[in-house]
Asker: 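Here's a structure for you.
Model, not experiment: these values are computed from the prediction.
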Amino acid sequence: MSIAPPTSAAEAARDLEKLRARLAVDGNSMLKPLGLGGIAIGAGVIDRVPDFAAELRRASTDDVALIADCRAIAGRDGEIKGGLKRALSNAGLPFRQITIGDSEARVHVDAATLDAAMTGAAGAGVLVSVGSGSVVDVGKAVAARCGIPHIAVQTAGSVNGFADDQSVLSVDGVKRTTQTAWPDRLVVDTDVISRAPKRLNRAGLGDLLASYTAPADWLLASLVGQDDSYSSAVVTLARAYIDPVVDAAGGIGAGEPTAIEELVGALTLSGIAMGVAGRTSPGSGMEHTVSHLLEMSQPKGEDEPLHGAKVGVLSVLAALLWERVRKAVREGALTSLLFPSAEEMQSRVAAAFDDLDPSGAVAAECWRDYSRKLARWHAAAPTLQSLAERWTAAEPEFDTILAPAGRLVAALRNAGAPTRTTDLGVEPGRLRWALGNCHLMRDRFTIADLAFFMGMYESDDLAQLLGEAESIDSGV
């Protein structure tokens with residue numbers, strides 16, 4: 001007798017064994033084992049942290065390292081970090097606190113932050129990270145480098161990166177997704193998430209909107225000989241419950257518990273998909289590269305817009321670019337692809353990033369990544385002659401992944417989330433720079449790369465793209 005599929009994202013995320021069985025059906029030998037040790041989703045599950053800590057710590061006398069920023073976080077019974085410390089003490093578990101970030105609770109996941117966190121966690125028996133994004137990225141990195149069991153306590157439905165084994169770190173000033181470690185336990189208390197600032201959960205909805213564009217970029221990369229890891233099972237896992245979450249956008253914006261539970265369930269599944277894929281491709285494509293460039297160019301002293309809020313708006317632009325490219329492909333544009341030289345493209349990379357960092361370190365780091373992608377593009381030239389035929393065969397799968405840009409804008413609007421980058425404090429010129437150069441920053445083939453190699457990603461093309469976004473109340 002077949003087993004009925006879970007009725008909700010949260011239900012699906014709770015049963016890791018069923019998820020492992022579903023992924024095994026794919027037969028893709030490149031998929032990684034689902035290494036998440038356990039997950040608790042629901043109201044009041046934060047109360048289980050002392051039990052998890054006692055279970056996981058390396059020796060009965062080891063203490064617990066609690067890592068967090070200075071921000072107060074509301075829970076059902078008051079501020080949760082104070083509550084966790086009391087609960088650990090009541091359970092007879094010694095603990096130490098490691099505070100990262102500045103006095104405004106801004107956490108930059110760079111070498112200095114990681115070094116300080118690793119020093120603070122040295123010798124601990126278990127690490128508990130408490131936060132809404134960057135804090136858990138630090139926790140995963142410290143756990144990987146120090147070999148410490150890690151309990152990640154998610155405090156907002158802000159991003160999809162809690163449930164995987166990767167962290168976004170700063171390398172030579174460039175945002176890079178870096179292999180770290182799966183949490184041994186992921187704790188997602190919906191009482192806490194529902195009390196989080198609404199803008200954080202709205203940002204999580206924005207991060208999920210990349211599920212309508214990033215997997216299409218991943219499939220595209222496989223078509224053009226850039227990445228042979230594409231898995232339809234992983235894409236299905238990441239996408240299976242996104243539509244109901246988007247339909248519940250208004251409830252997410254209002255903080256309704258049922259809608260919030262579906263949001264965090266879908267974010268968790270998206271994170272798991274990235275973890276088993278061994279890369280962020282199921283949930284990160286062109287829209288994330290633009291976001292990373294906006295983060296890298298953020299003026300010093302200014303508050304950085306929430307990652308997911310940016311990704312939501314940028315997913316709209318990515319969806320519009322996909323619509324433009326698909327239309328051009330139907331008109332025969334794949335017959336005249338461009339193959340620019342390494343010298344030409346290295347000059348482009350330098351021109352794009354030298355003003356950002358006059359030392360040349362950022363440009364050099366970006367060229368190291370981009371040059372590999374460019375070399376594969378040239379090597380694939382013979383097979384790219386048949387891309388039009390293979391594209392036609394892939395069209396039905398593109399149809400299942402992509403959604404009209406207008407649907408994404410409507411979801412943001414219904415949630416009360418920003419629909420324009422200027423709403424986030426991003427200057428129009430900075431958006432145009434990030435949008436125009438996003439394909440030059442890393443070794444990840446996206447729709448922006450193909451548009452460039454089709455000769456339709458120059459300044460006039462981008463102006464038209466932004467004009468289309470303007471017509472649906474999005475973009476700049």
Side-chain angles (χ1 to χ4, degrees), residues 32 35-38 49-50 52-71 73 80-82 84-85 88-89 93-156 158-159 161-187 271 274-275 278 280 292 295-296 304 307 361 365:
K32 294 169 56 179
L36 185 61
V49 169
F52 291 149
E55 174 190 353
L56 291 170
R57 65 178 177 161
R58 295 179 295 186
S60 61
T61 57
D62 284 344
D63 63 353
V64 178
L66 183 68
I67 185 169
D69 58 28
C70 66
R71 180 182 291 106
I73 302 171
I80 68 167
K81 285 177 284 187
L84 279 172
K85 288 185 278 190
L88 291 169
S89 293
L93 297 171
F95 65 88
R96 66 182 87 162
Q97 181 162 351
I98 305 165
T99 302
I100 59 175
D102 62 20
S103 60
E104 301 297 322
R106 291 183 291 246
V107 177
H108 301 288
V109 191
D110 53 19
T113 300
L114 291 178
D115 287 345
M118 290 172 62
T119 299
V126 64
L127 180 68
V128 179
S129 64
V130 184
S132 59
S134 294
V135 171
V136 173
D137 269 352
V138 172
K140 290 191 287 186
V142 170
R145 296 181 184 190
C146 298
I148 305 174
H150 177 210
I151 302 166
V153 180
Q154 178 177 340
T155 61
S158 51
V159 294
F162 293 96
D164 62 24
D165 59 346
Q166 300 156 49
S167 297
V168 178
L169 310 180
S170 180
V171 179
D172 289 334
V174 181
K175 293 279 187 173
R176 291 291 185 230
T177 301
T178 306
Q179 187 71 42
T180 51
W182 297 90
D184 293 277
R185 298 290 184 273
L186 176 61
V187 178
M274 294 190 297
T280 57
H292 291 329
E295 291 158 9
M296 288 162 54
E304 187 174 293
H307 168 78
E365 169 63 22

Asker: Can you name the side-chain contact (heavy atoms from CB on, under 4.5 Å) partners of Val159, sequence neighbours left out?
Answerer: Phe162, Asp207, His307
Asker: So which pairs with a foot in residues 117-133 pass side chain to side chain donor-acceptor pair (under 3.5 Å), sequence neighbours left out?
Answerer: Ser129-His150
Asker: Which heavy atom of Asp164 sits nearest a heavy atom of Gly271, and at what distance?
Answerer: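 Smallest heavy-atom distance, with atoms named: CB-O, 3.1 Å.
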Asker: Taking only residues two or more places apart in sequence or in another chain, which ones pass side-chain hydrogen bond (donor to acceptor under 3.5 Å, both in side chains) with Arg71?
Answerer: Asp69
Asker: With sequence neighbours left out, what residues match Asp184 under salt bridge (Lys or Arg N to Asp or Glu O under 4.0 Å)?
Answerer: none
Asker: Under the side-chain contact (heavy atoms from CB on, under 4.5 Å) criterion, do His292 and Val168 qualify, and how do the steps go?
Answerer: CA-CA 10 Å; His292 291 329; Val168 178; 4.2 Å; yes
Asker: If you define the side chain from C-beta out and look only at heavy atoms, does anything of Arg145 sit under 4.5 Å from Leu114?
Answerer: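 Answer yes - side chains close enough.
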Asker: If you compare all heavy atoms of Ala152 against all heavy atoms of Val136, which two are closest, and at what distance to 0.1 Å?
Answerer: CB-CG1, 3.9 Å
Asker: For Arg58, what residues pass the side-chain hydrogen bond (donor to acceptor under 3.5 Å, both in side chains) criterion, not counting sequence neighbours?
Answerer: none
Asker: Name all residues meeting the salt bridge (Lys or Arg N to Asp or Glu O under 4.0 Å) criterion together with Lys32; count only those two or more places apart in sequence or in a different chain, and write none if there are none.
Answerer: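 Checked Lys32 against salt bridge (Lys or Arg N to Asp or Glu O under 4.0 Å); matches are Asp165.
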Asker: When you measure from the side chain of Lys85 to the backbone of Leu66, do you find a donor-acceptor pair of N or O atoms at a distance under 3.5 Å?
Answerer: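 No, because the side chain of Lys85 does not come within donor-acceptor range (under 3.5 Å) of the backbone of Leu66.
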Asker: Could you work out, with side-chain contact (heavy atoms from CB on, under 4.5 Å) as the rule, every residue matching Asp115, not counting sequence neighbours?
Answerer: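 Expected list: none.
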Asker: Considering all heavy atoms of both residues, which atom of Pro50 and which atom of Leu88 are nearest to each other, and what is their separation?
Answerer: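 Where Pro50 meets Leu88 most closely, the heavy atoms are CA-CD2, 4.1 Å.
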Asker: Mind checking side-chain hydrogen bond (donor to acceptor under 3.5 Å, both in side chains) for Lys81 and listing every partner two or more places apart, or none if nothing turns up?
Answerer: none
Asker: Restricting to side-chain hydrogen bond (donor to acceptor under 3.5 Å, both in side chains), what partner residues turn up for Glu304, sequence neighbours left out?
Answerer: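 If we apply the side-chain hydrogen bond (donor to acceptor under 3.5 Å, both in side chains) test to Glu304, skipping adjacent residues, there are no hits.
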Asker: Please examine the side chains of Pro149 and Arg57, heavy atoms only from C-beta on, and report whether any two atoms are closer than 4.5 Å.
Answerer: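 Arg57 vs Pro149: side chains apart.
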Asker: Under 3.5 Å, side chain of Arg96 to main-chain N/O of Asp63, donor-acceptor pair present?
Answerer: no
Asker: How long is the straight-line distance from OG1 of Thr180 back to CG of Asp137, given to the nearest 0.5 Å?
Answerer: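 So the gap between those two atoms works out to 7.0 Å.
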Asker: Roughly how far apart are Ile67 CD1 and Ile151 CD1, rounded to 0.5 Å?
Answerer: 13.5 Å
Asker: With sequence neighbours excluded, what pairs up with Ala59 under the side-chain contact (heavy atoms from CB on, under 4.5 Å) test?
Answerer: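 Result, side-chain contact (heavy atoms from CB on, under 4.5 Å) vs Ala59: Thr61, Asp62.
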Asker: Quick check: does any side chain N or O of Thr113 sit under 3.5 Å from a backbone N or O of His108, one acting as donor and the other as acceptor?
Answerer: yes
Asker: Just by modelled atom types, is the Gln166 backbone N or O under 3.5 Å from a matching donor or acceptor in the Lys140 side chain?
Answerer: yes
Asker: Heavy atoms, side chains only, cut-off 4.5 Å: are Val135 and Val130 in contact?
Answerer: no
Asker: Within this structure, what is the CD1-CG distance for the pair Ile148 and Leu127, rounded to the nearest 0.5 Å?
Answerer: 6.0 Å
Asker: side-chain contact (heavy atoms from CB on, under 4.5 Å) with Ser134: which residues, sequence neighbours excluded?
Answerer: Val107, Val109
